[in-house]
Structure formats: C-alpha cells, structure tokens
Amino acid sequence: MKDHGRGSDAKMMAKRTEKTSPRLRKIHSYLWEIERSGGMRVPGRIFISESMIDRVCSDGGLDQVVNVAHLPGIVGYSFAMPDIHWGYGFPIGGVAATDPAQGGVVSPGGVGYDINCGVRVATTHLERADVERKLEALVTSLFRHIPTGLGSSGAIRKVSSKELDRVMVIGARWAVEQGYGSKGDLAHTEEEGCLGGADPSAVGQRARSRGCEQLGTLGSGNHFVEIDVVEEIYHKEAAREFGLRPGQIALQIHTGSRGFGHQVCDDYLKVMARAVRKFNLQLPDRQLACAPVESAEGGAYLAAMACAANFAWANRQTIMALAERAMLECLGMTPRDLGLTLLYDVCHNIAKLEDHEVGREVRRLCVHRKGATRAYPPRGVKNPWRTGQPVLIPGDMGTESYICVGQEKSLRETWGSTCHGAGRMMSRKGAIRKARGRNIKQELRRLGITVRYEGRTTLAEEMPEAYKDVDEVVRTCHGAGISKMVARLKPVGVMKG
DNA sequence: ATGTGC
C-alpha cells in the first residue's frame, strides 16, 4: 500500500504477468463479457469494438475488471468503458455499483486520486474568423490569468480554512458568490455543482492547507484550457438545445480537485487499509482497499470525497470566469458580445449514491465512476434537458473532443454511464522517449493548433500518439447505445499545465 | 492525477 504511483512501468509489467488475460465472450459488436469464476461475485462487461480488443488485453486493465468483480456487495456487473486502461486498483474507464444494504463497499481506488476530475464546455457568440489571427495572443492571455502547472497556486486570493469549509459544502455556488460566473451556471452543472453529504470535519489538515491556495488553478498533466471550433454536428435536435452550431467557438476546461483531492484520497487509502483488516474483507488486490458504505470509515470517506468533489466544481467555476476575463481583455469585447454561456460541467471521477432499478425494484446504490461519465437520459436529471444530459468527452491536445448526450440504454445497462475520453495508451516515460528529437509544438502548429505549456515534459507526455483514438472510443459508446454523438470540437488554441 | 519519496 506504500508503493502506489511509483515505478509504475515496472509495476504494471508485474501486474500484467500475474494472470493470463481473462476470456472474453461476445455479446454484440460493442460488448464483451467475462464469465464469473473463482471469487467473482458478478461477471465483467467490457464495452469495446473488436479492433481495440488486442490493446485492451495487453494492458492489465481486464484483470482489474475481474478484481473489481470481487468487491463485497457489487451488483450487476463490473463494467469497463472502451477507454479502459490500467489504474490504481480499479481500471480507468471502470464503473461498479455496490448495494450498501447488502454490505456494499466504497473504494477510493474506484474514484481515483483526482476526485471529481471533470470537464466543462461553454459556448460563445464568436465564429472561427473572430479568433483565427489572435490565437497566440488568446492563449497567452489565458496563461496570464490562470495559474498553471504542478504546484500552481495564487490564482485568486488565498482562502482561509474557514472559508474553505464553505467551498467544501456549497461547491460551485461559492465561486458564484465570489463573483466568478453567474447563478445560471449552476443549473448547467452536474449536481448543480454541489454534492450532498459533504462534511469538512472528515478532511485532514494537510488537505486543507493544500486546498487553501489552489482554488482557481489548472494543474498539470492532461488538464487543459482550450479554445475549440465546432466542426461537425451529428444530432441536430440536441445541438440546437445545447446551443451548438458549426463554426462556433467554444471554451473547454478539463481539471479537478488538485492537491486537495489528491491528499483526501491519500489519507483515506490509509484509513481503508485498516478497515479491510477490521472488517476482514477478502480482496484480490490491496489497492482495492475499501470499507462498507454503512461503516464509519466508508461514511467518512464519502463525506470527505464530497468535499473534494465540491472543491473541484468551485475550481472549474472559478477558472471559467478567469478564462472569460482573459478572452475579454485580449479581444477587447464586452461580456455581452462574447456571450460565454456554460453548456455543461460533468465529472468523470466520483462515487455517488444513486437510485437505480435492480431487477424490478429501485435500490440506492453506490456507483463508482472512475474515468467514466454520467450519461442520463432526460428522465432522472434535475435540469432542463429535453434531449438528455450533455456528456463531454475531451480528446488529447491534437485531436477532437466530442459532445454526446445520455440515453435510456445507459440508465438500463451501465448505471447511467459512458466513456470519459481517449485514455492513455503509452506511459508518460514512453511518450517522452518517443518524442525525443521532435518538435511537438510545431507538429501541432501544422495541424492548426496553437499550444502553450508550462511543464518541461508536458508536451511530450501529452502528445497525441500517447492516447488512444477518441473517435473510436466515442463511436463504440454510440454503437452500443450508451451515449449518442451530438457534435465534434476541434482544438485551435490550447493551454496545458 | 500529484509540493511525483517516510
């Protein structure tokens, strides 16, 4: 339990050779099943196209789907989305629901280190031609207004520990109260930007001190702020409802709960390791450390996790307002002319108590989505969407992002979930090796993408080849019917940590 | 992902 996050390449190899790849049985072109065996409480189900199977089998993620199927109280299936890859305990792209009334557990490994990592997209009144010759200046302006990079801080004034308590409890609304964005943004945010059950007393001192200075900061790695062009519309009715039209400029933000959520995860992994012994839980991998939802440990994690989720929503709300200032300053426009309007903000790393149909009855389940996005049809979402909940799928910095919409089928088949993005294919080290001697910035420039970045190795680590084909991932979910494609966005100006 | 390690 001490070795997480270190020497990941060697460790992944060890994991891979531990077991042979589980056998996949075809259900249909986009869905494969792993039969129950050994201590598995449920089968595994992987949404994937035939052409991606080889890659998935070589990565160790499938063994993790099997491991997750062992969790106490798991219901239905251990799911994986097509962007599945190896992660801490759970695969990234994993979805699992447990029933608290049946001893169901909650596991920090099923949420991930970056609690409520997520995406928001805002539309504008601008057209491609309005920004085409100003992209360099725009990205520079974004950089000036939004602190970026590992350990970045000081975006907005440092908040006191007491004020941080309020951020933890009210989430995005805190940012709105501070003048970052408007109240209407909240209706266009998952959970209205505030997950219930947050209890600041469950959050430790270290997490607090990291959180106090990191509100309104982007971070590093795959986090970004992007200027996009709406390149294609697939679903006219939803596009109209979402306010999307071809040629339009949009703003996209991908970030999470920064060091705050990271520290919360770290703290509770230790709590859970003790809980596993206390409750004598039998797990195939210690990284699946967990506790019953209805135990003190499980409840404390969920309360602290909600604090981190709310921090992340406040963070993205703040960053959107900082980005608006950057755009206004650079383009010399009024807010009215720019017309920046939040389309939606959705998270892809979280565990939530949700009501779902299990057989003929509705049960309250603890749904883990780790690198998976909620994708509800109009039914069940407390917001104004007629066509369904917007689903935001970011690509890597050289490829397009997708906007999709939730479907009835996802609610029936995957606890209302779909994929979250392209998913990493190459290790960070591997990508750096591959990029040696190349000028990635210039390569992107030739693709019509202006990029500025902070970290020395960021551009290599995040180069397009390090990621799977987001197009294939999104089409698989579309084909399986768990989310429907609405629009494709092409990046033209990218700011990376 | 992450003040990249106790």
Side-chain angles (χ1 to χ4, degrees), chain A residues 1-12 61 83-94 107-119 147-155 158 203-215 217-225 253-270 273 287 304-305 308-309 311-313 315-316 319 347-351 368-373 394 396-397 420-432 453-458 460-462 466-467 496-497:
Chain A
M1 194 45 87
K2 285 176 201 150
D3 50 359
H4 56 262
R6 281 206 69 241
S8 58
D9 278 7
K11 191 158 167 212
M12 277 162 73
D83 43 348
I84 176 178
H85 59 113
W86 190 92
Y88 183 93
F90 277 56
I92 292 156
S107 174
V111 172
Y113 270 91
D114 192 1
I115 296 165
N116 190 0
C117 184
V119 188
T148 301
L150 198 58
S152 55
S153 62
K158 185 173 167 175
V203 173
Q205 198 45 56
R206 274 181 101 182
R208 280 167 185 279
S209 55
R210 292 177 78 170
C212 283
E213 45 189 35
Q214 288 189 326
L215 271 165
T217 67
L218 184 66
S220 67
N222 65 3
H223 291 166
F224 62 73
V225 176
I253 297 162
H254 179 204
T255 184
S257 51
R258 309 284 290 103
F260 181 75
H262 190 275
Q263 192 64 52
V264 167
C265 179
D266 220 24
D267 292 345
Y268 277 91
L269 280 170
K270 290 174 194 114
Q287 292 187 351
M305 184 213 68
F311 180 97
W313 272 313
N315 194 34
R316 288 196 291 273
I319 289 176
C347 108
H348 49 232
N349 276 9
I350 205 156
H368 299 73
R369 293 193 186 94
K370 183 193 196 177
T373 312
D396 61 86
M397 64 188 170
H420 89 302
R424 183 166 277 283
M425 181 163 68
M426 214 180 273
S427 70
R428 292 182 183 279
K429 265 188 190 160
I432 291 171
Y453 59 101
E454 183 74 25
R456 208 164 42 85
T457 54
T458 300
E461 288 179 13
E462 295 296 317
Y467 286 90
K496 295 284 292 181

Taking A/Phe260's backbone N and O only, do any of them form a donor-acceptor pair with A/Ser257's side chain (distance below 3.5 Å, no angle check)? no

With a non-hydrogen cut-off below 4.0 angstrom, is A/Gly256 in contact with a base, only sugar-phosphate, or nothing? nothing

Separation of atom CG in A/Asp266 from atom C1' in B/dG5, rounded to whole Å: 12 Å

Rounded to whole angstrom units, what separation is found between the CG atom of A/Asp114 and the P atom of B/dT4? 16 Å

To the nearest Å, how far apart are A/Asn116 CG and B/dT2 P? 13 Å

Quick one: A/Arg428 CZ to B/dT2 P, roughly how many Å, whole number? 9 Å

Figure out the CD/P separation between A/Gln263 and B/dT4, and round it to whole Å. 11 Å

Using a strict cut-off of less than 4.0 Å between a Lys/Arg side-chain nitrogen and an Asp/Glu carboxylate oxygen, indicate whether A/Glu462 and A/Arg428 qualify as a salt bridge. yes

Please report, rounded to the nearest Å, how far the C1' atom of B/dT2 is from the CG atom of A/Leu269. 13 Å

Quick check for you: to the nearest 0.5 Å, what is the distance between A/Asn349 atom CG and A/His420 atom NE2? 6.5 Å

Without decimals, in angstroms, what is the distance between A/Ile92 CD1 and B/dT2 P? 13 Å

A/His223 NE2 to B/dT4 P, straight-line distance once rounded to whole Å: 17 Å

Hey, does the side chain of A/Thr458 reach the backbone of A/Gly497 with a donor-acceptor pair shorter than 3.5 angstrom? yes

